[in-house]
Amino acid sequence: MWNWSYAVEVVPALLRAFLMNAVAALTGFAFAAVIGLVIAVIGQSGSSPIKWAFRAIVEFIRNTPLLVQLFFLYYSLPMLTPFSLSAFMTGAIGIGIHYGTYLSEVYRSGIEAVPRGQWEAATALNLSRVHKWVRILLPQAIPPIIPIMGNYLIVILKETPTLSAITFVEVLLTAKNQASQSYRVFEPYTIAGILFLILSLLLSYAVARLEKRLNGRHT
């Protein structure tokens with residue numbers, strides 16, 4: 001049966017751990033947004049060998065599990081190189097690389113939606129490659145895809161419990177530790193699920209509002 005006293009007792013620890021989930025999700029999403037943009041730009045303007053090389057890397061990352069990539073970064077990379085990262089940074093970078101490949105496709109759809117005349121006009125004005133991307137193309141390509149990117153942020157948030165596999169102390173691992181000490185699993189896991197539900201619903205609402213606002217601008 002549900003024990004309210006025990007539930008109130010474990011809430012502070014679960015909230016602190018869930019804050020780490022949120023920070024890891026935001027950091028991983030920031031990495032993914034940058035990596036995805038770099039891949040998308042190179043895919044549009046790089047030479048053929050470079051584009052094929054990036055395409056092969058993207059396919060490899062997208063077709064292997066995130067958990068395997070996290071294990072490689074956390075356990076294997078320090079054995080092969082002098083670099084050793086904390087569990088938090090490993091998780092954020094791993095999520096960033098993994099979901100950066102997915103966001104690259106989102107960026108690509110936005111870039112390809114820019115009218116061809118805009119590309120030709122930028123070329124006719126003899127703008128540099130950097131100015132063409134920063135001043136003309138990306139300001140038109142990115143706003144329509146922001147709601148899709150918001151949905152990926154929600155997906156990344158729900159993936160953060162995977163980081164417990166590399167010893168990152170997040171809410172699910174904290175709930176497991178609480179349950180192992182008290183032999184009560186109902187309360188900690190239920191509260192952890194509720195925390196994810198609340199934040200996911202809030203983010204979904206924010207994304208819906210943002211999408212409505214952006215659609216209003218384009219109509």
Side-chain angles (χ1 to χ4, degrees), residues 21 23-81 83-116 118-119 122 129-130 132-134 136-166 168 200 203 207 210-211 214:
N21 285 74
V23 173
L26 289 173
T27 309
F29 178 77
F31 279 126
V34 174
I35 292 170
L37 180 59
V38 170
I39 295 173
V41 171
I42 290 176
Q44 291 290 323
S45 57
S47 62
S48 293
I50 294 176
K51 285 196 286 188
W52 292 339
F54 267 79
R55 193 67 209 170
I57 294 170
V58 166
E59 289 300 323
F60 176 79
I61 293 173
R62 293 181 65 174
N63 288 289
T64 52
L66 172 61
L67 187 57
V68 173
Q69 294 160 17
L70 292 174
F71 281 149
F72 177 81
L73 290 173
Y74 192 65
Y75 294 112
S76 300
L77 195 61
M79 299 169 67
L80 300 173
T81 69
F83 302 108
S84 178
L85 299 173
S86 66
F88 171 79
M89 283 307 298
T90 301
I93 292 173
I95 286 176
I97 294 173
H98 188 81
Y99 281 96
T101 61
Y102 288 92
L103 287 182
S104 68
E105 290 298 308
V106 178
Y107 281 119
R108 185 181 62 79
S109 66
I111 291 169
E112 292 183 353
V114 176
R116 193 67 195 170
Q118 297 291 319
W119 296 73
R129 184 179 293 273
V130 174
K132 186 189 298 184
W133 278 101
V134 174
I136 305 297
L137 302 177
L138 291 181
Q140 297 182 74
I142 290 179
I145 63 172
I146 287 177
I148 305 174
M149 296 179 70
N151 288 328
Y152 270 102
L153 174 59
I154 298 170
V155 173
I156 288 174
L157 172 69
K158 290 187 285 189
E159 280 278 19
T160 52
T162 309
L163 304 187
S164 64
I166 56 171
F168 179 66
S200 294
L203 288 174
V207 170
L210 183 61
E211 186 173 11
L214 290 173

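This structure is a prediction, so every number in the text was calculated from the model and none was measured.
To the nearest 0.5 angstrom, Phe54 atom CZ is 10.5 Å from Ser104 atom OG. For the atom pair CG of Leu77 and OG1 of Thr90, the computed distance is 8.0 Å after rounding to the nearest 0.5 Å. Between atom CD of residue Glu105 and atom CD1 of residue Ile39 there is a gap of 9.5 Å, rounded to the nearest 0.5 Å. Of the inter-residue distances, the one linking Leu66 atom CG with Ile97 atom CD1 reads 10.0 Å to the nearest 0.5 angstrom. One distance of note links CG of Asn151 with CG of Leu203; it measures 10.0 Å at 0.5 Å rounding. To the nearest 0.5 angstrom, Thr101 atom OG1 is 6.0 Å from Ile61 atom CD1.
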**Asked** side-chain contact (heavy atoms from CB on, under 4.5 Å) between Tyr99 and Val155: does it pass, once the steps are laid out?
**Response** CA-CA 10 Å; Tyr99 281 96; Val155 173; 3.6 Å; yes
**Candidate pair Leu138 and Leu37, rule side-chain contact (heavy atoms from CB on, under 4.5 Å), full reasoning** = CA-CA 10 Å; Leu138 291 181; Leu37 180 59; 3.9 Å; yes
**Message:** For a side-chain contact (heavy atoms from CB on, under 4.5 Å) check, start with the C-alpha distance between Val114 and Ile136, then their side-chain angles and the critical distance, and finish with the verdict.
**Reply:** CA-CA 10 Å; Val114 176; Ile136 305 297; over 6 Å; no
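You'll find the side chain of Ile146 stays beyond 4.5 Å of the side chain of Val207, heavy atoms only. Counting heavy atoms from C-beta on, the side chains of Ile95 and Thr27 never come closer than 4.5 Å.
Under the rule for a side-chain contact (heavy atoms from CB on, under 4.5 Å), the partners of Leu67 that lie at least two apart in sequence or sit in another chain are Phe71, Thr162, Ala165. Listed by chain and residue number, nothing satisfies the side chain to side chain donor-acceptor pair (under 3.5 Å) test with Tyr107 (two or more places apart in sequence, or in another chain). Here Ser109 pairs with nothing under the side chain to side chain donor-acceptor pair (under 3.5 Å) rule; sequence neighbours left out.
Of all heavy-atom pairs between Ala24 and Phe88, the closest is CA-CE1, 3.7 Å. For the pair Trp133 and Ile111, the tightest heavy-atom approach, listed with the atom from each and the gap, is CZ3-CD1, 3.7 Å. For the pair Tyr102 and Arg62, the tightest heavy-atom approach, listed with the atom from each and the gap, is OH-O, 3.5 Å. Between Lys51 and Gly43, the shortest heavy-atom contact is CD-O, 2.9 Å. Heavy-atom minimum distance, Tyr152 versus Leu103: CD1-CD2, 3.7 Å. Across all their heavy atoms, Asn21 and Leu157 have their closest contact at O-CD1, 4.3 Å.
For Tyr75, the OH atom sits in a packed shell: over 12 heavy atoms of surrounding residues, nucleotides or ligands are nearer than 6.0 Å.
When atom types are taken as modelled, the side chain of Gln69 and the backbone of His98 share no donor-acceptor pair closer than 3.5 angstrom. A distance-only check finds no donor-acceptor pair linking the side chain of Thr81 to the backbone of Pro78 [under 3.5 Å].
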